[in-house]
Amino acid sequence: MTSSEQELIIKTYFHMWVDRNFSSLDKIFSADIYYSECYGPEYFGLSEIHRWIDDMLEKQKVLAWEIKQFIHEKNTNTVVVEWYFKEQQNLNVNDFNGVSIIKFSADGKISSIKEFESKSEHSAPYHSS
């Protein structure tokens with residue numbers, strides 16, 4: 001699988017959250033996918049992923065999930081993605097930066113996602129202008 005094909009699959013997944021349409025999820029995720037969210041929850045397999053998505057669609061609207069860059073690990077089927085995420089739950093809007101480590105299986109499906117987050121606002125306390 002080429003880097004471009006991997007990037008397209010990742011972009012497709014991120015857009016599913018913004019578009020709220022997960023009809024193609026089973027085509028891009030392995031049946032035994034492992035998913036670790038940036039704030040702690042873990043999901044094992046497609047059935048748990050579908051339950052989680054159904055729960056999130058009830059309470060969350062993703063306003064943006066923008067990819068900043070892809071970093072490809074040669075010969076490992078692993079892609080690191082730096083991104084910005086913005087969501088709304090009730091009247092609260094939250095945003096943060098993040099990184100996902102995404103592994104692909106031999107058949108070209110996503111087999112593992114591990115997310116890590118960072119605050120979206122940064123400061124430079126020792127930088128002089």
Side-chain angles (χ1 to χ4, degrees):
M1 166 171 267
T2 68
S3 297
S4 296
E5 291 169 323
Q6 291 173 331
E7 289 179 12
L8 181 60
I9 289 170
I10 294 167
K11 288 176 184 176
T12 298
Y13 172 62
F14 282 29
H15 285 291
M16 286 179 183
W17 282 99
V18 177
D19 296 341
R20 301 174 65 83
N21 179 353
F22 295 88
S23 59
S24 299
L25 189 74
D26 293 8
K27 294 176 185 170
I28 64 170
F29 276 13
S30 295
D32 62 348
I33 185 167
Y34 168 75
Y35 200 121
S36 174
E37 284 196 88
C38 55
Y39 62 96
E42 296 178 302
Y43 311 105
F44 300 88
L46 269 174
S47 64
E48 288 188 14
I49 296 288
H50 281 290
R51 287 179 63 195
W52 163 57
I53 289 169
D54 289 344
D55 287 345
M56 293 309 291
L57 288 174
E58 292 286 321
K59 61 184 177 184
Q60 177 198 59
K61 180 171 172 66
V62 175
L63 304 173
W65 200 359
E66 301 165 1
I67 294 169
K68 295 180 179 184
Q69 70 171 319
F70 293 101
I71 303 167
H72 294 270
E73 282 294 312
K74 301 270 187 226
N75 304 318
T76 65
N77 284 326
T78 301
V79 182
V80 177
V81 184
E82 181 186 4
W83 43 261
Y84 167 77
F85 184 84
K86 184 175 184 179
E87 55 99 23
Q88 181 174 356
Q89 292 190 41
N90 299 317
L91 298 176
N92 299 320
V93 175
N94 304 299
D95 67 334
F96 54 92
N97 294 311
V99 170
S100 294
I101 301 170
I102 300 175
K103 293 190 178 216
F104 285 84
S105 59
D107 65 354
K109 292 186 176 184
I110 296 173
S111 61
S112 173
I113 299 177
K114 295 177 185 173
E115 295 176 345
F116 303 89
E117 79 174 86
S118 169
K119 294 181 185 295
S120 61
E121 293 184 28
H122 295 266
S123 63
Y126 303 108
H127 180 75
S128 57
S129 311

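Atoms CD1 and CD1, from I10 and I102 in turn, are 4.0 Å apart once rounded to the nearest 0.5 Å. To the nearest 0.5 Å, atom CG of residue N97 and atom CD of residue E66 are 10.0 Å apart. The distance from the CZ atom of R20 to the CD atom of Q60 is 8.0 Å, given to the nearest 0.5 Å.
With sequence neighbours excluded, the residues satisfying side chain to side chain donor-acceptor pair (under 3.5 Å) with D107 are S105. In this view, N21 and S23 satisfy the side chain to side chain donor-acceptor pair (under 3.5 Å) rule, not counting sequence neighbours. Remark: L63 pairs with K61, K86, Q88, V93 by the side chain to side chain contact (heavy atoms under 4.5 Å, CB included) rule, at least two apart or across chains. Applying the side chain to side chain donor-acceptor pair (under 3.5 Å) criterion to K11, with sequence neighbours excluded, gives no partner residue. Evaluation of the side chain to side chain contact (heavy atoms under 4.5 Å, CB included) rule for T76 yields E73, T78 as partners, not counting sequence neighbours. Under the side chain to side chain contact (heavy atoms under 4.5 Å, CB included) criterion, R51 pairs with no residue at all, not counting sequence neighbours. Applying the ring pair (Phe, Tyr, Trp, His ring centres under 6.0 Å) test to F29 and every residue at least two apart in sequence or in another chain returns Y13. Partners of E5 under the side chain to side chain donor-acceptor pair (under 3.5 Å) rule, at least two apart in sequence or in another chain, are T2.
Y84 shares a hydrophobic cluster with no other residue; no ILVMFWY side chain has heavy atoms under 4.5 Å from its own. Under a 4.5 Å side-chain heavy-atom cut-off, the cluster of Ile, Leu, Val, Met, Phe, Trp and Tyr residues that includes Y126 has no other member.
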Applying side-chain contact (heavy atoms from CB on, under 4.5 Å), run through N94 and E87 and close with a yes or a no. CA-CA 5 Å; N94 304 299; E87 55 99 23; 2.9 Å; yes
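Contact between M16 and L25 at its shortest, heavy atoms only, is CE-N, 3.6 Å. Counting all heavy atoms, side chain and backbone alike, V62 lies closest to W17 at CB-O, 3.7 Å. The two residues W65 and V18 come nearest to each other via the heavy atoms N-CG2, 3.9 Å. The two residues I110 and I113 come nearest to each other via the heavy atoms CG2-CG1, 3.6 Å.
The hydrophobic clustering, which links ILVMFWY residues whose side-chain heavy atoms are closer than 4.5 Å, places F116 and F14 apart. Follow the hydrophobic side-chain contacts under 4.5 Å out from I67 and you reach V79 in the same cluster.
Residues F70 and V80 fail the side-chain proximity criterion, which asks for heavy atoms closer than 4.5 Å. Here the side chains of I9 and M1 are in contact, with some heavy-atom distance below 4.5 Å. Contact check for M56 versus Q89: side-chain heavy atoms found under the 4.5 Å cut-off. Under the 4.5 Å side-chain criterion, counting only non-hydrogen atoms from C-beta, E7 is not in contact with V81.
Relative orientation of the F85 and F96 rings is tilted, given thresholds of 30° and 60° on the angle between their planes.
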For a quick test of your reading: what N or O donor-acceptor pairs under 3.5 Å do the side chains of residues 37-50 make, sequence neighbours left out?
| residue | atom | partner | partner atom | Å |
| --- | --- | --- | --- | --- |
| E37 | OE2 | Y39 | OH | 3.3 |
| E37 | OE2 | Y43 | OH | 2.5 |
| E37 | OE2 | W52 | NE1 | 3.1 |
| E42 | OE2 | Y34 | OH | 2.3 |
| Y43 | OH | W52 | NE1 | 3.2 |
| E48 | OE1 | F44 | N | 2.9 |
| H50 | NE2 | D26 | OD1 | 2.6 |

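Other residues, nucleotides and ligands contribute only 12 or fewer heavy atoms inside 6.0 Å of the CD atom of E58.
Screening residues 108-118 for side-chain hydrogen bond (donor to acceptor under 3.5 Å, both in side chains), with sequence neighbours left out, gives Y35-E115.
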